[in-house]
Participant: 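Would you mind keeping the following structure in view while I ask a few things?
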Amino acid sequence: MRVIPNKRAAAEPVPTSRSLDFRKRRTRPDIRKLRKVFILVLEIAAVMSVAYLLISAFCTQVVMTEESMEPQIMSQDRLLIDKVIYRIKDPKQGDVVAFSSPGDLSGRYSVKRVIATPGQKVSIKGGAVYVDDKVYAAPVQTTTIKDAGLATSEITLGKDEYFLLGDNRDVSEDSRYTSVGNILKSQIRGRIWLDASLKNFGVID
């Protein structure tokens, strides 16, 4: 009797122990690639953190909403505040600063110039400002003062107190008036260092 071979059966592979292993092979992660990705993420995070800190410290904007600092700073000029400098040292005479007025709950900053610092004496006579009995020489052009306000009588500044005036004296609400008065260092938010507006772009004196 002649046996006819089964071609289908012959074509099928013989099961082996490897073909019967239904468990998926686990691929090992590439440690080098993971390390590179991790370092890249850290670098990006570091750059973003530094950029954020620099912007927060030196690029906070305040818009000048009045004419009290003309002609150097015009109304609607965009000014940048250095918030770091007064953590390192105290404000000095001649600095242009941004501060929060006492009792002002709007959160807006006012901008004025430091005329006198803690311990100094200030008075206004004949339209001129006197600091420690000497005429104050402003670093920029200013107007004559018609209203001496509180400074008609000599003012002695206490600890952490600063006397501020606007450069455009007659339209400025500043330390001459009870609505502002002497400003504490804690009220000063920073030094105005740059006028970032297109028309008046430049470093503030």
Side-chain angles (χ1 to χ4, degrees), residues 43-120 122 129 131-132 136-143 145 151 155 157-169 171-177 179-205:
E43 289 176 346
I44 293 173
V47 169
M48 292 179 65
S49 298
V50 171
Y52 173 79
L53 291 174
L54 288 175
I55 291 172
S56 299
F58 300 104
C59 297
T60 299
Q61 286 193 12
V62 57
V63 177
M64 192 68 187
T65 58
E66 52 187 352
E67 301 173 353
S68 64
M69 292 299 291
E70 293 183 359
Q72 184 182 28
I73 301 174
M74 306 299 289
S75 177
Q76 301 306 313
D77 279 3
R78 293 186 176 275
L79 312 172
L80 299 188
I81 306 174
D82 178 351
K83 290 185 172 182
V84 176
I85 190 168
Y86 295 144
R87 296 181 183 181
I88 302 171
K89 61 180 183 179
D90 294 330
K92 69 179 187 299
Q93 189 180 58
D95 285 356
V96 177
V97 301
F99 67 97
S100 298
S101 298
D104 186 353
L105 303 179
S106 66
R108 293 178 299 180
Y109 293 161
S110 295
V111 176
K112 299 289 185 287
R113 189 179 299 277
V114 176
I115 303 299
T117 57
Q120 291 188 311
V122 187
V129 181
V131 178
D132 291 338
Y136 170 73
V140 297
Q141 178 184 348
T142 62
T143 57
I145 297 177
I155 299 171
L157 298 174
K159 182 180 179 181
D160 290 335
E161 286 187 338
Y162 294 83
F163 189 87
L164 311 181
L165 290 177
D167 291 342
N168 192 6
R169 310 291 200 216
V171 299
S172 175
E173 185 176 6
D174 44 42
S175 292
R176 291 173 289 168
Y177 305 105
S179 57
V180 179
N182 299 335
I183 296 299
L184 298 174
K185 184 180 178 181
S186 60
Q187 293 173 253
I188 297 176
R189 304 308 176 196
R191 180 174 66 89
I192 301 297
W193 69 278
L194 183 72
D195 190 327
S197 58
L198 295 177
K199 290 184 179 180
N200 296 313
F201 185 85
V203 176
I204 300 296
D205 296 325

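In what follows, residues are counted from 1 in the order of the sequence shown.
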Participant: Test side-chain contact (heavy atoms from CB on, under 4.5 Å) on R189 and Y86 and set out the steps.
Facilitator: CA-CA 8 Å; R189 304 308 176 196; Y86 295 144; over 6 Å; no
Participant: How close do F163 and I155 get, heavy atom to heavy atom, and via which atoms?
Facilitator: CE1-CD1, 3.8 Å
Participant: I would like to know whether I85 and R87 meet side-chain contact (heavy atoms from CB on, under 4.5 Å); could you show each step before the answer?
Facilitator: CA-CA 5 Å; I85 190 168; R87 296 181 183 181; over 6 Å; no
Participant: Is a donor on one side and an acceptor on the other found under 3.5 Å between the side chain of S175 and the backbone of G181?
Facilitator: yes
Participant: Which distance, rounded to the nearest 0.5 Å, do you find between the CG of L79 and the CZ of R191?
Facilitator: 12.5 Å
Participant: Taking the side chain as C-beta and beyond, is there a heavy-atom pair between V97 and I183 under 4.5 Å?
Facilitator: no
Participant: Check whether any side-chain N or O of R176 sits under 3.5 Å from a backbone N or O of E173 as a donor-acceptor pair, and report yes or no.
Facilitator: no
Participant: Working to the nearest 0.5 angstrom, can you tell me the gap between Y136 OH and R113 CZ?
Facilitator: 5.5 Å
Participant: Closest heavy-atom contact between A196 and F201?
Facilitator: CA-CD1, 3.8 Å
Participant: Nearest 0.5 Å, what's the CD1-CG distance between I204 and D82?
Facilitator: 13.0 Å
Participant: What's the shortest heavy-atom distance between T117 and L157, and which atoms?
Facilitator: O-CD1, 3.2 Å
Participant: Would you name the heavy atoms of S68 and M64 that are closest together and state the gap between them?
Facilitator: OG-CE, 3.4 Å
Participant: To the nearest 0.5 Å, how far apart are CG in N168 and CE in M74?
Facilitator: 9.0 Å
Participant: Hey, does V171 have a side-chain heavy atom less than 4.5 Å from the side chain of E66?
Facilitator: no
Participant: Looking only at non-hydrogen atoms, find the nearest pair between P91 and Y162 and report the distance.
Facilitator: CD-OH, 3.3 Å
Participant: Between V63 and R78, which heavy-atom pair has the shortest distance, and what is it?
Facilitator: CG2-NH1, 3.4 Å
Participant: Starting at CZ of R169, measure out to CD1 of I145 and round the result to the nearest 0.5 Å.
Facilitator: 5.0 Å
Participant: Is a side-chain N or O of D77 found less than 3.5 angstrom from the main chain of S197, in a donor-acceptor match?
Facilitator: no
Participant: Let me confirm one number: the CD1-CG distance from I115 to L164, rounded to the nearest 0.5 Å.
Facilitator: 7.5 Å
Participant: Start with the C-alpha distance between K92 and V114, add both sets of side-chain angles, then the distance that settles side-chain contact (heavy atoms from CB on, under 4.5 Å), and finish with yes or no.
Facilitator: CA-CA 7 Å; K92 69 179 187 299; V114 176; over 6 Å; no
Participant: Could you point out which residue of Q72, E70, Q141 forms a side chain to side chain contact (heavy atoms under 4.5 Å, CB included) with D167?
Facilitator: Q72
Participant: Could you tell me if the side chain of E161 sits less than 4.5 Å from the side chain of L184, heavy atoms only?
Facilitator: yes
Participant: Please walk me through it: do V62 and I192 pass side-chain contact (heavy atoms from CB on, under 4.5 Å)?
Facilitator: CA-CA 9 Å; V62 57; I192 301 297; 3.9 Å; yes
Participant: May I ask you to check whether N200 and D195 show a side-chain donor-acceptor distance below 3.5 Å?
Facilitator: no
